[in-house]
Amino acid sequence: MPYWLMKSEPDELSISALARLGDARWDGVRNYQARNFLRAMQPGDLFLFYHSSCPRPGVASIGKILRASYPDPTALQADSHYFDSKALTHGNPWSAVDVGHVETFERVIELPRLKAAPALAGLPLVQRGSRLSVMPVTPAQWEAILALR
DNA sequence: GCCAACGTTGGC
DNA sequence: GCCAACGTTGGC
């Protein structure tokens with residue numbers, strides 16, 4: 001079963017909001033590489049939920065993929081922040097998945113600790129200049145991150 | 001708010 | 001196909 005890591009700004013979808021809601025649609029991804037990873041996800045896959053663009057960026061929970069990818073409806077909604085006019089005229093290229101909450105960590109595993117872990121050097125999250133918002137995590141990386149809890 | 005790095009767009 | 005300009009991401 002593949003593992004993943006997904007970034008969200010807490011203002012968009014936060015870990016606590018997902019825990020409260022129980023499930024949510026992960027939409028608004030507008031990068032082809034990230035979209036391709038969404039399309040590779042299967043129900044039951046686990047992911048690390050990372051908070052970005054906030055005072056203490058880091059990983060703070062585990063979530064689960066509940067539904068495989070499907071066309072992202074926000075691309076077609078003119079009033080959505082994620083509206084893509086070309087999706088209307090040329091077909092909708094964007095994908096979303098449904099996710100659930102599994103476990104919230106007692107403490108956020110903050111970015112500097114992730115960067116300091118040798119086992120995570122290959123993770124795009126910690127690589128200079130990487131902005132990928134959805135990425136695969138190897139079993140070894142997964143264990144290394146959970147060991148930092 | 002700053003800025004480095006990246007992806008996309010569009011002129012040529 | 002090149003590449004400059006632009007918009008976005010995201011840490012700090």
Side-chain angles (χ1 to χ4, degrees), chain A residues 2-21 24-41 45-65 68-138 140-149:
Chain A
Y3 294 118
W4 308 96
L5 183 148
M6 300 207 277
K7 298 182 193 173
S8 175
E9 299 186 18
D11 291 348
E12 300 295 327
L13 176 67
S14 71
I15 284 152
S16 60
L18 178 58
R20 190 172 61 250
L21 294 168
R25 187 176 66 212
W26 200 284
D27 55 26
V29 171
R30 294 292 178 269
N31 168 281
Y32 283 102
Q33 194 180 0
R35 181 211 66 179
N36 291 343
F37 289 131
L38 287 182
R39 290 183 174 183
M41 294 175 176
D45 288 359
L46 297 176
F47 68 94
L48 293 159
F49 192 158
Y50 177 91
H51 272 173
S52 63
S53 297
C54 58
R56 292 163 61 229
V59 170
S61 80
I62 297 174
K64 181 188 290 187
I65 307 303
S69 70
Y70 55 94
D72 181 350
T74 65
L76 304 176
Q77 294 165 359
D79 61 346
S80 169
H81 179 243
Y82 301 115
F83 177 61
D84 177 1
S85 61
K86 283 192 294 190
L88 287 175
T89 54
H90 294 75
N92 184 358
W94 304 116
S95 297
V97 295
D98 289 348
V99 301
H101 172 257
V102 174
E103 174 191 342
T104 301
F105 301 152
E106 287 183 26
R107 284 163 285 127
V108 177
I109 304 170
E110 296 184 52
L111 183 59
R113 296 188 62 215
L114 297 169
K115 284 183 172 173
L120 300 178
L123 189 66
L125 180 77
V126 301
Q127 286 170 356
R128 172 186 169 83
S130 172
R131 300 180 313 183
L132 194 58
S133 64
V134 179
M135 68 192 74
V137 174
T138 68
Q141 290 165 342
W142 180 270
E143 291 305 322
I145 293 170
L146 294 192
L148 296 174
R149 280 181 295 181

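Residue numbers begin at 1 in each chain, while the letters A, B, ... track the order of the sequences.
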Let me check something: any side-chain donor-acceptor pairs from residues 112-121 of chain A under 3.5 Å, sequence neighbours excluded? List them with distances.
unit_1, atom_1, unit_2, atom_2, d
Arg113(A), NH1, Leu148(A), O, 2.9
Arg113(A), NH2, Leu148(A), O, 3.1

Side chains of residues 26-36 of chain A: which donor-acceptor partners sit under 3.5 Å, not counting sequence neighbours?
unit_1, atom_1, unit_2, atom_2, d
Asp27(A), OD2, Arg25(A), NE, 2.8
Asp27(A), OD2, Arg25(A), NH2, 3.0
Arg30(A), NE, Tyr82(A), O, 3.1
Arg30(A), NH1, Asp72(A), OD2, 3.0
Arg30(A), NH2, Asp72(A), OD2, 3.3
Arg30(A), NH2, Thr74(A), OG1, 3.0
Arg30(A), NH2, Tyr82(A), O, 2.9
Asn31(A), OD1, Gln33(A), N, 3.0
Asn31(A), OD1, Ala34(A), N, 2.9
Arg35(A), NH1, Pro93(A), O, 3.0
Asn36(A), ND2, Tyr32(A), O, 3.3

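A straight line from CD of Glu110(A) to C1' of dC12(C) spans 14 Å, rounded to a whole angstrom.
Atom CG of Leu18(A) and atom NE2 of His101(A) lie 6.5 Å apart (nearest 0.5 Å).
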What's touching nucleotides 8-11 of chain C from the protein side, N or O pairs under 3.5 Å?
unit_1, atom_1, unit_2, atom_2, d
dT8(C), O2, Arg131(A), NH1, 2.5
dG10(C), OP1, Lys7(A), NZ, 2.8
dG10(C), OP1, Arg131(A), O, 2.8
dG11(C), OP1, Tyr50(A), OH, 2.7
dG11(C), OP2, Ser53(A), N, 3.0

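Classified by interplanar angle (parallel below 30°, tilted 30° to 60°, perpendicular above 60°), the ring pair His51(A)/Phe49(A) is perpendicular.
Using a 4.5 Å heavy-atom cutoff, the side chains of Ile62(A) and Phe105(A) are in contact.
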